[in-house]
Amino acid sequence: MLYSDIADVFDRLEGTSSRLEMTSIFSDFFKGLDPGSLRKIVYLSQGRLHPDFYNAELGMADKLVLRAISFTAGVSESKMDELWKKEGDPGKIAETLMKNRKQASLFSEPLTLEKVLKNLTMIESAEGRDSQDKKMKLLSNLLMDSNPVEARYLCRIVTGRMRIGAGSMTILDALAEAFGTKEDRPDIERGFNITCDLGFVAETLAIGGVEAVKKMKVTVGNPIKVMLAERLPSISLIMDRMGGRCAMEFKYDGIRVQAHIDRDSVKLYSRRLEDMTSNFPDIAAELRKQCRAERAIIEGECVAIDKDGNMLPFQNVTHRRKKHGMDQAVEDYPVKIFMFDILSVDDEDMTLRPLGERRSKLNETFGLSDMIQLTTMEVVNSPEEGEDFFNRALGKKCEGIMAKSLSQESVYRAGSRGFLWIKYKKDYEEALTDSFDLVVVGAFHGRGKRAGKYGALLMAAFDDESGKYCTVCKLGTGFDDAFLAGMPDMLDEYLSETHPSTVDAEMIPDVWFLPTVILEVVAAEISLSPIHTAAKSIMKDNAGLGLRFPRFTGRVREDKGPEECTTVNEIISMFEMQAQNKA
DNA sequence: GTACCTCGTCCAC
DNA sequence: GTCCGACGTATTCGG
DNA sequence: CCGAATACGTCGGACGTGGACGAGGTAC
């Protein structure tokens, strides 16, 4: 099969923003494919070579792809750099350079799907000495034989950013249209949610039709798409939405784990279905010990604790995400798991049962211990009770709460975000959270749909002692299109050719500004930062303070001069306050 | 050759 | 993780 | 009563901090 046929379809998809049209483009294309190719093409259309959970990556992203393009087209690194800043998309750059080249290579053969897959697979498996060069040349080898459109999507497949506007949900629509009817769509989606393998679902449909997909079962050992929660900005809105009554649960600040217990083997999967068994061997063993069923799938949150069993901030549990020296990490960073759901017990699918039933099943299936606990959960009947519960959650160092519907329809909706579960954190309510007035000291060029604009800003607080502006975060979300478009007008008059002497920064932006413009920023919390310079080495050696989940509130503080912005001292006291509240 | 640092990539949130 | 915008569909409004 | 306007949910794609790790470079 010719790769150009596939690239042309991607090109047509990118040309429309209508999901209905994308669906029919995909579905027409799918119908003509043999099942094996279909499977591979479905992966490619998502910028992948395998399903999400596949345990190997290409190890090639923007920078390495740019190197491959520059090697292929014979363009200097500095020219590449300039193009990268302007275009914000390696695919576009490759396309343009392929258009401009004088002559396609003389003996070039048309690229086939097989050839593309072969090289991509080799890129994936290259490792060790000179592997970066090898990866680069394997991609270059493909680009050499590409026409401009083919080159665009080769680069995008490798970086995993297809930018065709069609994600897995659109593919599922198309699969239903191609191999079934609209009524089959829920069954097909469920097939995806319990296998997590879009290509496999496509292949199964093409071979055995909807009947074959309906036969797919929740299986211990195969990760299931996790259920996600919607957000709402206040407890009372949540209670309205829930019809005045719901279950509330502490929302722990750790890593979500889906545990598959099967006789003597236990597998742990992350939210994005990566295998994390080796990272929490203690949890895996203890779950087996406490599980009274032969087989089960449960979900919980793994949280780091101190020696007294008190919960620690998120940063601690991330030390468990390592490959080497796990034994030491298990000792140094003890954890607990708080279980909150059960998806299967002894081969009985629990996902379609209502929440209450699942919770009782969870209770009766597991014994508890220091390491294995249940999330704190209560039935809440009014906003006041909800507020009270929320405050108790914060007191226990939780991030906030999850509200869960108690209706009979409250099933485990694998793979979807909906109002059956609603999360609430303190920083969702602006009145409850501290905001920061930070000065813009630099900017980064945007990528993709922000190409040619500033994609993010470098933000700083004022340090009265040194008289310098110290960085605390980048800021790249909360901007609407108008603000994004107006940024150059607002900022460019303060452009500085060099790193301003008044700015203390280790992170180097694409452009510098003289500290002038102040924006209001909210964040979830303040964390120790290895890169930001505010309060450097004051709280901890070689660490500064940074913001977690920073976003723009939409307010430009034109009323304030730069020296009136939030100070480093204020951030230090907020950080101390935050640590105190949690102790 | 080794020890250490930087850069890029990936993934948890 | 947060956030914004486009689309599609359901619901309400107005002639 | 029907077409137009509005409201709402879904989906996709921008962007954030921080830790770990592998590759590659450099200094000794």
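So that the names make sense, note that chain A is the first sequence line, chain B the second, and so on, each numbered from 1. All of these numbers come straight from a predicted model, not from anything done at the bench.
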Exercise. Could you work out which one of D:dC21, B:dA12, D:dC15 sits closest to the side chain of A:K323?
Key: D:dC21

Quiz prompt | Integer-rounded Å distance: D:dA20 C1' and A:I255 CD1 | solution = 12 Å

Practice problem: Using a heavy-atom cut-off of under 4.0 Å over every strand shown, decide if A:G254 touches base, sugar-phosphate, or nothing. | Solution: sugar-phosphate

Practice problem: Report the distance from atom CE of A:M276 to atom C1' of D:dG19, rounded to the nearest whole Å. | Solution: 12 Å

Quiz item: Within this structure, what is the CD-to-C1' distance between A:E127 and B:dC10, rounded to whole angstrom?
Solution: 16 Å

Exercise. For atom CD of A:E429, decide whether the heavy atoms of other residues, nucleotides or ligands shown that lie under 6.0 angstrom number more than 12.
Key: yes

Quiz item: Taking the side chain of A:S168 as its heavy atoms from C-beta onward, which of D:dG12, D:dG18, D:dG22 lies nearest to it?
Solution: D:dG12

Quiz item: Which part of the nucleic acid does A:L484 contact within heavy-atom distance under 4.0 Å: base, sugar-phosphate only, or nothing?
Solution: nothing

Quiz item: For the salt bridge (Lys or Arg N to Asp or Glu O under 4.0 Å) test, which of A:K426, A:K423, A:K425 pairs with A:E399?
Solution: A:K425

Quiz item: A:S131 side chain: which of B:dC13, D:dA20, D:dA23 is closest?
Solution: D:dA23

Quiz prompt | For atom CD1 of A:I123 and atom C1' of D:dG22, their distance in whole Å | solution = 17 Å

Quiz item: Checking side chain to side chain donor-acceptor pair (under 3.5 Å) against A:R320, which of A:N279, A:D332, A:D282 comes through?
Solution: A:D282

Quiz item: Looking across every strand, which nucleic acid part, if any, lies under 4.0 Å from A:R19 by heavy atom: base, sugar-phosphate, or nothing?
Solution: sugar-phosphate

Quiz item: According to the interplanar angle, ranging from 0 to 90°, do the rings of A:Y412 and A:W421 count as parallel (below 30°), tilted (30 to 60°) or perpendicular (above 60°)?
Solution: perpendicular

Quiz prompt | Distance-only donor-acceptor check, side chains A:T23 and A:E177, under 3.5 Å | solution = no

Exercise. Scan A:T170 against the nucleic acid and name what it touches under 4.0 Å (heavy atoms): base, sugar-phosphate only, or nothing.
Key: sugar-phosphate

Self-check item: Distance test, side-chain N/O of A:K449 to OP1/OP2 of C:dC4, below 4.0 Å
Solution: no

Quiz item: Which whole-number value in Å describes the distance from A:M507 CE to D:dG16 P?
Solution: 8 Å

Quiz prompt | Integer-rounded Å distance: C:dT2 P and A:L228 CG | solution = 11 Å

Quiz item: What does A:I526 touch in the nucleic acid at a heavy-atom separation under 4.0 angstrom: a base, only the sugar-phosphate, or nothing?
Solution: nothing

Self-check item: Whole-Å gap separating C1' (C:dG1) and NZ (A:K426)
Solution: 17 Å

Quiz item: Base, sugar-phosphate alone, or nothing: which one does A:Y454 contact when heavy atoms must sit under 4.0 Å apart?
Solution: nothing

Quiz item: NA contact type, A:K134, heavy-atom cut-off 4.0 Å: base, sugar-phosphate, or nothing?
Solution: nothing

Quiz item: What is the nucleic acid contact for A:K251, judged by heavy atoms within less than 4.0 Å: base, sugar-phosphate only, or nothing?
Solution: sugar-phosphate

Quiz item: For A:F552, which contact category applies under a 4.0 Å heavy-atom criterion: base, sugar-phosphate, or nothing?
Solution: nothing

Quiz prompt | Spacing of A:E525 atom CD relative to D:dT17 atom C1', expressed in whole Å | solution = 10 Å

